S.K.: 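Supplied in structure tokens, the structure appears directly below.
Throughout, protein chains are lettered first and strands after them, A, B, ... in sequence-line order, and every chain is numbered starting at 1. What's counted below: heavy atoms across the whole structure, side chains too, no hydrogens, waters or symmetry copies. Keep in mind it's a predicted model, so treat the numbers as computed, not measured.
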Amino acid sequence: MKKTKAQLSIFIVLGVLILIFLFIVFYYIYSSYASPDRLKFERSSIASYMQACVDKTSSDALKLAGRQGLYTAPKDALANVSYLLKGNLNKLPSQQAIEQDLSRYVEQHLLACLGNFAEFEQLEWSVSYEQPKASASMNLNDVSFSVSFPVNVKQQDLTISLNQFSVKQDIRLLYLYRIIEKMLATLQAEQAIDLTDMTNYNINLTVFPYQNASVYALEDPEHMISGKPYLVMFAVK
Amino acid sequence: MAKLSKVAIYLLLFVFFVNTVSAPDTVEGPQTPISPGDSLPTIPGSGGEGPGTPIDANTNWETVDLSGMTSDQIYIYFDSIPDWRFDELNQQKLAKALKKKYNIQELDINVGDENNNAEFEQDSFYFSNLDYLNVQQTIINNGVNVKYKQGNLTAEHADSVIKDGSITTNVEDLNAGSQTFFLGKADSLMSDSITLRDLKNATVKVKQQDIQISFDGDYEINITDKSFAHTSFNATEGSSLVITKTIPAYYNLSNGSLSFSGIEGPYGAFTETVQTATNASVYLNPSLGFICAFLMPLSTYAFYSFEDTRRDFAISIPQNSSQFKVCTRKDWVEKHDNNCNQCAIIDFVSKKIEMHGFVSYLRHHIKGSSVVSSSLQLFHISLPNASASFTLDAGFIFIPQLRISYTQQHPEISRTFASRYHTLYERQVNNSMHRFLKTNFQLPLSEMSDNLVYTYTTNYSDFDTTIRDNVVSQKAGSKVTVLPPNHPLIKKYLP
């Protein structure tokens, strides 16, 4: 009986030790990741920090616009997927409108991604900035974002000024857009998919019924975003 | 002395004969010899009108000329003959009188012993009952209310009617002319090993090479043709049917439907039908059924399986098409040329259907082992200059492969209703043929039907479209997938 109790105590002690060890490990990893220590008052470090957010917000913008029918903030949608054809009315936004929408998203979400420079303040850096101005451009094989974001970071009497950021997302949005444009024209005229025309592209198209409408999902297996094929969905009714 | 007396008798008889034979030359209607003592017989059915003329019971009928008599007078002569005297000789005399009166080349009559009414008009005669009447080779046996008028013979009933090498039994409402005869109703009509049963409102013309019938009403007649094939014809107002006296028999029908039921088909018992709103002709094998049918637009060939209604199909000729030939192959020895235009070969042996030209193929909508459509529905339509080749499964139900081809471009060459959900069609786009998929996304799940075609292809493209469980897939360039309602893959996109 005594022997059993002793064994139990050993296991408890071992368990507690393991828990403490794991806590220390996780704390170290987390603090090293979140610690402002990784952010150095160096131009490259700050630029890299900010570039990461430009990358992320532009990527988010593309993912969101893709999933929501080429609108980052859909107005007429089915489960957040915009109707691009409704009652035979073609609602496909223009290329320019999509670019503006993507730009706007980046402008609106960039500061949030940067946590309003909270980390900079933790490091007792003073930051002054102007509102970011983004400009997205849909190209045949990518989407490029150019962000004008004048930022001045001060530490004591040293100042680092940053102004222009840019990123190219390896997403064939214009390619997909043109496929969609053609598909919608066919759907409008024929209420059908041109299967022969689809052989001219190399995408994955999945179509399915959803709540008395149909949803078209175009995936680009050759261009991944966050490790998954880029996806554009739209609804038709 | 004895010789002399014999000569005298013969002389007397000769004188009597000469007198009686010469009498018609001098006797005219009103001057018919009448015995003054005889009372005037009543005239049944005549309303008692007319003066009537009493006649001598011993009237020599060979001397009677009815041609100048009034109808009453003819009747009186007829009625005054006692039954017992209506022997063969008197029947012949009556026939002779009627032939002369009504200018009929050929007439033979047997009035019989029944109580009879008769009427004689200027251009017609009538008997309420007749055992036998042959007028110009139209023979009525046991006729009731028989009337002859200006070449037309009518009867309310006849046990049988023989005309133009045909015999019709148990006839009601007969109206026979020189070329055709109308049957209000008849149990059967037989001619040269061909039997038609249950005739109604039919006008028949029996010729040496065929029987032609036109109909006036909706009903069905049963037919056994010269090859002993049993068919039935469903007539409607204005239908007509011609059956040749050949082996195999050719049937030519207008505005009606011809059916054949067999028990030894490729899939057990079956019925084949050719239905036309215009014109169609068919020839058939007594055990295998229809061999070939020549269908004009708005005609349909249909196959109905007793064992599995999912197998039923039809080939229909659209309004703007032209004559279309449909042939079936139910036995491996049969051969049909499939290198043809406006034709279809239904090969039950090789389980293939080939259609060339402007035609439609109809099938039931099916779900599992059941048929979910009340009638055959359009499954595929090929337009002019297009062809469709269907490879069917062992049960002749599903279509593992459908191949479309064309010889000349057309704005649209074919349309295939793969299920209630998916439709595939071929349409010209910028001078090349494109395959389109139209999906009825509004279709309620409860109304879905199984797709009949599995692989769809064309001879001018190098990609296939496959459909399984109503999931359309195509892997050529892009990978296209079209899902049915509630498919688990939908959750990947809209959880």
S.K.: Please determine whether the number of non-hydrogen atoms from other residues, nucleotides or ligands lying under 6.0 Å from atom CG of B:Asn339 exceeds 12.
M.R.: no

S.K.: Do other residues, nucleotides or ligands put more than 12 heavy atoms under 6.0 Å from A:Lys168 NZ?
M.R.: no

S.K.: If I measure from the heavy atoms of chain A, does B:Pro444 come under 4.5 Å with its side chain, its backbone, both, or neither?
M.R.: neither

S.K.: Do you know which of A:Pro209, A:Ser214, A:Ala217, A:Pro221 has the most heavy-atom pairs under 4.5 Å to chain B?
M.R.: A:Pro209

S.K.: Using non-hydrogen atoms only, which part of B:Tyr421 is less than 4.5 Å away from chain A: side chain, backbone, both, or neither?
M.R.: side chain

S.K.: NZ/B:Lys438 to OG1/A:Thr186 distance, rounded to the nearest 0.5 angstrom?
M.R.: 12.5 Å

S.K.: Around B:Asp469, counting heavy atoms of other residues, nucleotides and ligands shown, do more than 12 lie under 6.0 Å from its CG?
M.R.: no

S.K.: Tell me whether B:Ser478 contacts the main-chain N or O of A:Met198 through its side chain, where contact means a donor paired with an acceptor under 3.5 Å.
M.R.: yes

S.K.: Side chain of B:Gln474, backbone of A:Leu195: donor and acceptor closer than 3.5 Å?
M.R.: yes

S.K.: Could you measure the distance from the OG1 atom of A:Thr196 to the CD atom of B:Glu426? Nearest 0.5 Å is fine.
M.R.: 6.5 Å

S.K.: State the CZ-CG distance between B:Arg435 and A:Asp197, to the nearest 0.5 angstrom.
M.R.: 13.0 Å

S.K.: Enter the distance from A:Glu190:CD to B:His434:NE2 here, rounded to the nearest 0.5 Å.
M.R.: 11.0 Å

S.K.: Main chain of B:Tyr493, side chain of A:Arg67: is a donor-acceptor contact present, judged purely on distance under 3.5 Å?
M.R.: yes

S.K.: Taking the side chain as C-beta and beyond, is there a heavy-atom pair between B:Leu494 and A:Met233 under 4.5 Å?
M.R.: yes

S.K.: Please state whether the side chain, the backbone, both or neither of A:Val215 comes within less than 4.5 Å of a heavy atom of chain B.
M.R.: side chain

S.K.: Select one option (side chain, backbone, both, neither) describing which atoms of A:Leu187 are under 4.5 Å from chain B's heavy atoms.
M.R.: neither

S.K.: B:Thr481 versus A:Asn204: any side-chain heavy-atom pair under 4.5 Å?
M.R.: no

S.K.: Report the distance from atom CZ of A:Phe208 to atom CD1 of B:Ile490, rounding to the nearest 0.5 Å.
M.R.: 6.0 Å

S.K.: Report, as yes or no, whether the 6.0 Å neighbourhood of atom NZ on B:Lys352 holds more than 12 heavy atoms from other residues, nucleotides or ligands.
M.R.: no

S.K.: Would you name the heavy atoms of B:Tyr425 and A:Ala192 that are closest together and state the gap between them?
M.R.: OH-CB, 3.4 Å

S.K.: Using non-hydrogen atoms and a 4.5 Å limit, figure out which bit of B:Leu424 sits close to chain A: side chain, backbone, both or neither.
M.R.: side chain

S.K.: Using a cut-off of under 4.5 Å on heavy-atom pairs, state which of B:Val482, B:Val429, B:Leu437 scores highest against chain A.
M.R.: B:Leu437

S.K.: Name the region of A:Tyr201, side chain, backbone, both or neither, that has any atom closer than 4.5 Å to a heavy atom of chain B.
M.R.: both

S.K.: I'd like to know whether NZ of A:Lys63 has more than 12 heavy-atom contacts from other residues, nucleotides or ligands below 6.0 angstrom.
M.R.: yes

S.K.: Answer yes or no: does atom CD of A:Gln164 have more than 12 heavy-atom neighbours from other residues, nucleotides or ligands under 6.0 Å?
M.R.: yes

S.K.: For B:Thr465, is it the side chain, the backbone, both or neither that has a heavy atom under 4.5 Å from a heavy atom of chain A?
M.R.: side chain

S.K.: Name the region of B:His487, side chain, backbone, both or neither, that has any atom closer than 4.5 Å to a heavy atom of chain A.
M.R.: neither

